[in-house]
Enquirer: 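My structure is below; once you've seen it, I'll send some questions.
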Amino acid sequence: MKKTVLSCIQPTGEMHYGNYFGAVKNWVDLQEQYDCFYGVVDYHAMTMPYNTKKLRQDSWDLIFNLLAVGVKAENLFIQSLVPEHVELGWIFNNFASYGRVQKMTQFKDKSKDSSSKNKDKFISVGLFDYPVLQAADILIYRADFVPVGKDQDQHLELTREIASRFNNQVGKEYFVLPETLHTETPKILSPADPTRKMSKSAGEKHWISVFGEENRIRKQIRSAVTDTGEPKEENEMSAGLVNLFTLLKAAGNDSIHAALMQSYKNGDLRYSDLKDATADALVNLSNNFREKRAELVANKKEIKGQIKQSSKAIRARAQQTLKEVKELTGLMNV
Ligand code: ADP
């Protein structure tokens, strides 16, 4: 029996190289070896202020992005086509500790990010509760492994706690306790501020689009911050340089990476050479991805049909788990 892998991504606009090198690249690589479920989680995208007229289009756009980078259609589903996630999420609310959920740093970051711009900004209960729904996303497929970026470690820990508490209460090792799988680059930093992670919520200059145009990518890399003035140990590479080297290596340019790293060690690295090589590598990847995406979009109708079908097939797995959970917890099954 193949082990099961689950991972999800929110349809909140474009995909950036943090998402790709931190998680989605792994999704693609794991498909041969595991039984994979990859979700576009639109219920999660409602937790921050969003545009009701755009959400459905954003979900389809993300589906095309994922297909363009190599995720297989049969492994993809859209979360709102598998509403059992939400039902299990409610059940899990009763197995999740309020005190623990309160400690989630993503909630603190996301509620702070928005409130710093506007003190009266609306913070939803959904944003607070999102890690519990995420536990349901994972456990509903009884996933063994969850390929995510490092920013998700704390949520995975919470998922394991919910699973344990559930297992204890029903007196059965029903849920597997899932493990995270990190890529070699679990944390990509913002080019404009390498003290923080690459993220869309921080603003335009803090993320590089996987489907970005050449000019924009080159401009972003050229202006990438290499020295933030943060105190560091002697001989320690600055976070900005580490990030450029990380991007270059992740993009697959091992020999250029090795040569430039040697220059760095010799003390004669020209930052412009590192930036040019990194920009070349990303532009090359992005051009290929954009081309692939355009081909897929030309068959839009057929592909949407495929995704509805795969969501339906995946839903059957989720329904089976939910049925067993309802049985175990004393709820009614029809
Ligand atoms: P969230 O907003 O909850 O992090 P996203 O949809 O933005 O969800 O993230 C999708 C995936 O990309 C997650 O696995 C997340 O860990 C990963 N990810 C996001 N930003 C980064 C980053 N800067 N570096 C590495 N991985 C990242």
Side-chain angles (χ1 to χ4, degrees), residues 5-30 36-50 55 58-59 61-63 65-66 69 71 76 78-79 104-114 124 126-138 143 145-159 178-203 205-210 220 224 239-240 242-244 246-247 249-251 282:
V5 160
L6 170 290
S7 195
C8 295
I9 183 165
Q10 298 192 34
T12 45
E14 287 180 59
M15 195 160 100
H16 58 69
Y17 273 109
N19 303 137
Y20 179 68
F21 289 133
V24 176
K25 188 168 182 282
N26 232 1
W27 294 15
V28 176
D29 299 340
L30 295 165
C36 296
F37 298 89
Y38 296 133
V40 166
V41 286
D42 47 357
Y43 283 122
H44 285 285
M46 301 170 82
T47 59
M48 296 279 276
Y50 78 103
L55 178 58
D58 281 348
S59 295
D61 282 345
L62 183 53
I63 288 284
N65 291 348
L66 293 168
V69 302
V71 180
L76 278 172
I78 297 179
Q79 190 187 29
M104 297 296 119
T105 53
Q106 287 239 10
F107 174 72
K108 289 184 195 160
D109 286 351
K110 288 190 176 181
S111 48
K112 185 174 69 203
D113 269 353
S114 42
S124 71
L127 182 64
F128 177 75
D129 200 29
Y130 123 78
V132 180
L133 179 57
Q134 191 180 0
D137 300 334
I138 298 167
F145 299 114
V146 189
V148 281
K150 213 161 174 43
D151 55 343
Q152 290 291 341
D153 283 356
Q154 201 187 19
H155 290 169
L156 254 292
E157 191 53 49
L158 181 75
T159 298
E179 306 276 340
T180 50
L181 281 183
H182 289 319
T183 61
E184 283 173 25
T185 53
K187 190 169 183 189
I188 302 291
L189 306 172
S190 153
D193 178 2
T195 61
R196 59 194 298 171
K197 70 169 185 171
M198 182 176 287
S199 156
K200 273 179 308 215
S201 50
K205 57 183 187 182
H206 294 282
W207 57 279
I208 303 174
S209 171
V210 169
Q220 281 184 295
V242 170
N243 201 39
L244 289 170
T246 303
L247 287 168
K249 183 140 192 220
L282 295 184

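All values reported here derive from a predicted model rather than from experimental measurement. Each ligand, and each atom within it, is numbered from 1 in the order the structure gives.
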Enquirer: State, to 0.1 Å, how close Thr159 and Pro178 come at their nearest heavy-atom pair, and which atoms those are.
Expert: CG2-CG, 4.0 Å
Enquirer: Specify side chain, backbone, both or neither for Tyr130, according to which of its non-hydrogen atoms lie closer than 4.0 Å to ligand 1.
Expert: side chain
Enquirer: How does Ile9 reach ligand 1, by side chain, by backbone, by both or by neither, if only non-hydrogen atoms under 4.0 Å count?
Expert: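 It is both parts that get close, each with some atom under 4.0 Å.
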Enquirer: Which residue and atom name correspond to the protein heavy atom nearest atom 25 (C) of ligand 1, and how close is it?
Expert: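 Nearest neighbour among protein heavy atoms for atom 25 (C) of ligand 1, to 0.1 Å: Pro186 O, 3.1 Å.
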Enquirer: I'd like to check whether Gln10 has a polar contact with ligand 1, where a contact means an N/O of the residue lying under 3.5 Å from an N/O of the ligand.
Expert: yes
Enquirer: Which of the atoms in ligand 1, numbered in the order shown and given with their element, are less than 4.0 Å from a heavy-atom of Ile188?
Expert: 22 (C), 23 (N), 24 (N), 25 (C)
Enquirer: Mind checking whether Lys187 contacts ligand 1 via backbone (N, CA, C, O), side chain (CB onward), both or neither, at a 4.0 Å heavy-atom cut-off?
Expert: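 Backbone only.
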Enquirer: How far is atom 16 (O) of ligand 1 from its nearest protein heavy atom, and which residue and atom name does that atom have?
Expert: Asp151 OD1, 2.5 Å
Enquirer: Please check whether Gly149 reaches ligand 1 - meaning an N/O of the residue sits under 3.5 Å from an N/O of the ligand, judged on distance alone.
Expert: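 Gly149 vs ligand 1: N/O contact under 3.5 Å present.
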Enquirer: When you compare ligand 1 with Asn19, is there at least one nitrogen or oxygen pair between them that comes in under 3.5 angstrom?
Expert: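 Yes, Asn19 has an N/O under 3.5 Å of an N/O on ligand 1.
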Enquirer: For the backbone of Thr12 and the side chain of Lys200, can you confirm whether one donor and one acceptor N or O come within less than 3.5 Å of each other?
Expert: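 Yes, because the side chain of Lys200 sits within donor-acceptor range (under 3.5 Å) of the backbone of Thr12.
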Enquirer: Looking only at protein heavy atoms, which one is nearest to atom 27 (C) of ligand 1, and how far off is it?
Expert: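 Nearest protein contact, heavy atoms only, for atom 27 (C) of ligand 1 is Gly18 O, 3.3 Å.
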Enquirer: For Lys150, is at least one N or O under 3.5 Å away from an N or O on ligand 1?
Expert: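 Lys150 vs ligand 1: no N/O contact under 3.5 Å.
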Enquirer: For Lys150, which residues count as a salt bridge (charged side-chain N to carboxylate O under 4.0 Å, His left out) partner, sequence neighbours excluded?
Expert: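 With sequence neighbours excluded, Lys150 shows a salt bridge (charged side-chain N to carboxylate O under 4.0 Å, His left out) to Asp153, given in chain and number order.
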Enquirer: Evaluate Gln152 for polar contact with ligand 1, using N/O atom pairs at a separation under 3.5 Å.
Expert: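 There is such a contact, yes.
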Enquirer: Under 3.5 Å between any N/O of Gly22 and any N/O of ligand 1: does that happen in this structure?
Expert: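 Not met; the criterion fails.
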Enquirer: Only pairs under 3.5 Å count here: list side-chain donor-acceptor contacts from residues 41-48, not counting sequence neighbours, and write none if there are none.
Expert:
unit_1	atom_1	unit_2	atom_2	d
Asp42	OD1	Ser80	N	2.9
Asp42	OD1	Ser80	OG	3.4
Asp42	OD2	Ser80	OG	2.5
His44	NE2	Asp137	OD2	2.7
Thr47	OG1	His44	O	2.7

Enquirer: On a heavy-atom basis, I'd like to know which of Ala23, Pro11, Ala202 is closest to atom 11 (C) of ligand 1.
Expert: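 When every heavy atom of Ala23, Pro11, Ala202 is considered, Ala23 comes closest to atom 11 (C) of ligand 1.
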Enquirer: With heavy-atom distances below 4.0 Å as the criterion, list the atoms of ligand 1 near Lys110.
Expert: 1 (P), 2 (O), 3 (O)
